[in-house]
Amino acid sequence: MPELPEVEGVVRDLKPLVEGKVIEHVLLSDVVHMSHADGKQTIVKGTDLDTFQLMVRDMKITKVERRAKYIFIHLMKNEESFVLVNHLGMTGAWFVVDDVTEITEEKFRKHVHAIFKLRNGQLFVFSDIRRFGELRFIKAISDHKPLTLMAPEPFDEDACDFFLAQCKKPKYEQKAIKEVIMDGQVISGCGNIYATESLFTTKIRPTKKVKSISKAKKIELFNAIVDVLKESIENGGSTISDYRSVNGGAGSMQDRLKMYSRKNCPVCLKETTSVVIAGRTSTYCPNCQK
DNA sequence: AGCACGCTCCGGGCGC
DNA sequence: TGCGCCCGGAGCGTG
């Protein structure tokens, strides 16, 4: 499950491999073609496949950038700029190879859905086992509304104040804190893993209502989120189930997680509890988190 | 208009 | 071995 740190790792790996390269053309899998023929928008969103394939042709990749859990692949042709927006979904992964057979893990190799042939001969490959990922070709970020509604980057100066302001809105203050910190319009890039961790380190029960948490405690929580995201970036992200960095690379943050998918609390050793909040499994220590 | 809710996309992995 | 069910980011349609 790639969250901000994992996406950051992918972007750091991709930059030296694809920035400055030119896309000759893109090939899409039979599955993508069949799904689109069936009226679905599997992986390629917002345009039909012909348009997508036509538009990326001969585009130069000028810059690869992370924003929240999105990867923005900035493109340029004839002095005109565009953005290829990518989301890894649950199981998306990028590979830069000379041949698809270099993708050694079968489950990624057999779910290759987009192959961008680069002018240097290499293949820039998007694989996605569950097809929750996204490739969206747009002129500018402002052309896709959800992207304009995202909270600031958590490392930005104004991010904490933005979080506090959002918490005061009626629609958020009645909700469980965990649901709110995982909302991309409140904090960017915090998913289940890092929400679970930060709530544990600040001893807040994930079900606690936003309005019943003091401002000081909210700031403490925000800082804990920033800290755990940074720690994870430094450790290459958490490699859990289907997350891979570029070319199948792994991180080691999963070994440092204190609460996520734990059966016992590492502090008091009591059994942890799991509840479902907004459809997501939320693990906490009933003894340490109040 | 703005919000809440449910649905959808899917295959791997698990329990039985 | 095989079947059925569960899981989950995020956008979107509905009420």
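Each chain gets a letter, A, B and so on, in the order the sequences are listed, and its residues count up from 1. Small disclaimer: the values here were computed from a predicted structure and weren't measured.
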Pairs: protein N or O with nucleotides 3-8 of chain B N or O, under 3.5 Å:
none

Inter-axis angle, terminal five-pair segments of the helix from B:dC3-C:dG15 to B:dC16-C:dG2 [nearest 10°]: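 What I find for the helix from B:dC3-C:dG15 to B:dC16-C:dG2 is an axis angle of 50°.
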Roughly how many Å is it from [atom1] in [X] to [atom2] in [N], rounded to a whole number?
{"X": "A:D30", "N": "B:dC10", "atom1": "CG", "atom2": "P", "answer": "15 Å"}
{"X": "A:K69", "N": "C:dG8", "atom1": "NZ", "atom2": "P", "answer": "12 Å"}
{"X": "A:H87", "N": "C:dG8", "atom1": "NE2", "atom2": "P", "answer": "15 Å"}
{"X": "A:Q41", "N": "B:dC10", "atom1": "CD", "atom2": "C1'", "answer": "16 Å"}
{"X": "A:D183", "N": "C:dG8", "atom1": "CG", "atom2": "C1'", "answer": "16 Å"}
{"X": "A:L147", "N": "C:dC12", "atom1": "CG", "atom2": "P", "answer": "10 Å"}
{"X": "A:M150", "N": "C:dA10", "atom1": "CE", "atom2": "C1'", "answer": "12 Å"}
{"X": "A:R109", "N": "B:dG11", "atom1": "CZ", "atom2": "P", "answer": "17 Å"}

Could I get a table of every N or O pair under 3.5 Å where one atom is in the protein and the other is in nucleotides 13-15 of chain C?
none

Phosphate OP1/OP2 of B:dC10 contacted by A:T42 side-chain N/O (<4.0 Å):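 A:T42 to B:dC10 OP1/OP2: side-chain N or O found under 4.0 Å.
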When all nucleic acid strands are considered with a 4.0 Å heavy-atom cut-off, which category describes [X]: base, sugar-phosphate, or nothing?
{"X": "A:G191", "result": "nothing"}
{"X": "A:K45", "result": "nothing"}
{"X": "A:T91", "result": "nothing"}
{"X": "A:K145", "result": "nothing"}

Ring pair (Phe, Tyr, Trp, His ring centres under 6.0 Å) partners for A:Y70, two or more places apart: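 Checked A:Y70 against ring pair (Phe, Tyr, Trp, His ring centres under 6.0 Å); matches are A:H87.
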Pairs where residues 81-106 of chain A contributes a residue and the test salt bridge (Lys or Arg N to Asp or Glu O under 4.0 Å) is met, not counting sequence neighbours: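 Non-adjacent pairs meeting salt bridge (Lys or Arg N to Asp or Glu O under 4.0 Å): A:E105-A:R244.
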Close side-chain approach of A:N120 to A:K21, heavy-atom, < 4.5 Å: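 Yes, their side chains come closer than 4.5 Å.
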A:D242 side chain near A:R130 side chain, heavy-atom distance below 4.5 Å: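 Yes; the side chains approach each other to less than 4.5 Å.
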Exercise: do [X] and [Y] side chains pair donor with acceptor under 3.5 Å:
{"X": "A:S274", "Y": "A:T283", "result": "yes"}
{"X": "A:Q174", "Y": "A:K211", "result": "yes"}
{"X": "A:Y194", "Y": "A:S238", "result": "yes"}

DNA chain C contacts made by residues 127-140 of chain A, counting heavy atoms under 4.0 Å: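 Here the set is A:R130, A:F132.
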DNA chain B contacts made by residues 246-265 of chain A, counting heavy atoms under 4.0 Å: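 Those residues whose heavy atoms fall under 4.0 Å from DNA chain B, taken from residues 246-265 of chain A, amount to none.
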5'-most by nearest nucleotide on DNA chain C - A:M90 or A:P146: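 Looking at the nearest nucleotide for each, A:M90 comes out on the 5' side.
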NZ/A:K217: more than 12 non-hydrogen atoms of other groups inside 6.0 Å: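 It does: A:K217 NZ has more than 12 such atoms within range.
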Stepwise side chain to side chain contact (heavy atoms under 4.5 Å, CB included) check, A:M259 with A:C285: CA-CA 8 Å; A:M259 180 51 58; A:C285 172; 3.9 Å; yes
Any pair counted as side chain to side chain donor-acceptor pair (under 3.5 Å), so long as it reaches residues 11-20 of chain A, sequence neighbours left out: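 Of all non-adjacent pairs touching residues 11-20 of chain A, those that pass side chain to side chain donor-acceptor pair (under 3.5 Å) are A:E8-A:R12, A:D13-A:S245, A:K15-A:E19.
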Pair listing, side chain to side chain donor-acceptor pair (under 3.5 Å) test, anchored in residues 37-56 of chain A, at least two apart: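 Sorted result for residues 37-56 of chain A: A:S35-A:T42, A:D48-A:T51.
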NZ/NE/NH1/NH2 to OD/OE distance under 4.0 Å, A:E197 and A:R256: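 Answer for the salt bridge query: no.
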Within residues 209-232 of chain A or reaching into it, pairs that qualify as ring-ring contact (aromatic ring centres under 6.0 Å, His included) - sequence neighbours excluded: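 Every ring-ring contact (aromatic ring centres under 6.0 Å, His included) pair that includes a residue of residues 209-232 of chain A, provided the two are not neighbours, is A:F163-A:F222.
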A:Y284 and A:F200 aromatic centres sub-6.0 Å: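 Ring centroids of A:Y284 and A:F200 are no less than 6.0 Å from each other.
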Closest to the A:Y70 side chain, choosing from C:dG11, C:dG9, C:dC7: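 Within the option list, the nearest is C:dG11.
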Criterion side chain to side chain contact (heavy atoms under 4.5 Å, CB included) on A:L118 and A:V22, from CA distance to verdict: CA-CA 6 Å; A:L118 303 176; A:V22 177; over 6 Å; no
A:E3 side-chain N/O to A:N192 backbone N/O, donor-acceptor pair under 3.5 Å: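 Present.
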Whether A:F116 and A:F52 hold their rings parallel, tilted or perpendicular, with breakpoints at 30° and 60°: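 A:F116 and A:F52: perpendicular rings.
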Listing time: all N or O pairs from protein to nucleotides 3-6 of chain C that are below 3.5 Å?
none

Partner set under salt bridge (Lys or Arg N to Asp or Glu O under 4.0 Å) for A:R109, not counting sequence neighbours: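 Salt bridge (Lys or Arg N to Asp or Glu O under 4.0 Å) check on A:R109 returns nothing, list empty.
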Worked verdict on A:L135 versus A:V85 for side chain to side chain contact (heavy atoms under 4.5 Å, CB included): CA-CA 6 Å; A:L135 289 170; A:V85 176; over 6 Å; no
